Amino acid sequence: MKLLQIDSSILGENSVSRQLTAAIVDQLRASDPSIAIVSRDLAADPVPHLTLATLPAANPDARADLDQFKAADIVVIGAPMYNFTVPSQLKAWIDRILVAGETFAYGDNGPKGLAGGKRVIVAVSSGNVYGAGTAYASYDHLATYLRAVFGFIGIEPEFVTAEGIAFGPEQRAASIEQALGTVSALAA
Ligand SMILES: Cc1cc2nc3c(=O)[nH]c(=O)nc-3n(C[C@H](O)[C@H](O)[C@H](O)COP(=O)(O)O)c2cc1C
């Protein structure tokens, strides 16, 4: 079993999403001690923006991120909300893994996901709250976007969410505790 951990927060030690991805990875390692873990820090070691020369479809040397994703059985992704969507660091990585003919394909009946069978667990953190019925629900282009991205390639992602992080220390602590509570229910 191979696990790929992707972090993208720029906030280092203070990052909520990093705290959650660490807890998720610990939980999965506890339920399967033989799991092989590869960790990527997209803030410390960013994936450059795509260029024509680095399009994975056209350049075999630019396939490293794609191959690493394809090889993983479980992908744990830290997704802090920056300006209502994922950090550009994470978007740059997504641009390397959604590749026609590799993770999806177009056929007579339209697009088809080719990456099914993989598990994707996303740790979301946001300053505000975006749940159904809340005032800013329509501003959420993070969970909705990632559901579309992974759904398109054949994966239904699971979410661990800590919202309202900017509402003050008590709400921050309560949101993190609630999210960590859902982590303990995850099994490998
Ligand atoms: C550059 C930046 C942009 C942010 N934009 C939003 C936003 O659009 N909506 C929101 O609810 N919170 C926003 N926040 C708050 C973060 O989502 C919140 O601090 C969250 O905990 C970040 O995850 P992290 O702690 O893992 O970095 C932003 C924070 C930063 C640093």
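Below, each value reflects all heavy atoms present in this structure, side chains not excepted, and no hydrogens, waters or symmetry copies. Counting starts at 1 for both ligands and their atoms, in listed order. Given the structure is predicted, the values throughout are model-derived calculations rather than measurements.
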Point to revise | Nearest-neighbour protein heavy atom for atom 2 (C) of ligand 1, which is reported as residue plus atom name and distance | key: Tyr82 CD2, 3.5 Å
Review point. With sequence neighbours left out, what residues match Asp95 under side chain to side chain donor-acceptor pair (under 3.5 Å)?
Key: Lys91
**Study point:** Nearest-option assignment for atom 5 (N) of ligand 1, heavy atoms, candidates Ile176, Asn83, Val16
**Key:** Asn83
**Study point:** Mode of Tyr130 contact toward ligand 1 - side chain, backbone, both, neither (heavy atoms, under 4.0 Å)
**Key:** side chain
Check your understanding: Do ligand 1 and Ile10 have nitrogen or oxygen atoms that lie under 3.5 Å from each other?
Key -> no
Study note, to complete from the structure: protein heavy-atom neighbour closest to atom 20 (C) of ligand 1 works out as Ser125 OG, 3.7 Å
Review point. Is the cationic atom of Lys112 (NZ for Lys, CZ for Arg) positioned less than 6.0 Å from the six-membered ring centroid of Phe152 and within 45 degrees of its normal?
Key: no
Review point. Any nitrogen or oxygen of Met81, main chain or side chain, under 3.5 Å from a nitrogen or oxygen of ligand 1?
Key: yes
Review point. Is any side-chain heavy atom of Leu66 closer than 4.5 Å to a side-chain heavy atom of Arg96?
Key: no
Check your understanding: Starting from atom 8 (O) of ligand 1, which protein heavy atom do you reach first, and at what distance in Å?
Key -> Phe84 N, 2.8 Å
Exercise for review: Would you indicate which of Ser88, Gly127, Pro80, Ser8 comes nearest to atom 18 (C) of ligand 1 when only heavy atoms are counted?
Suggested key: Gly127
Review point. Does a salt bridge link Arg147 with Glu156, judged by any charged N lying under 4.0 Å from a carboxylate O?
Key: no
Point to revise | With Ala179 via side chain to side chain contact (heavy atoms under 4.5 Å, CB included) - residues at least two apart | key: Leu20, Val160, Ala162
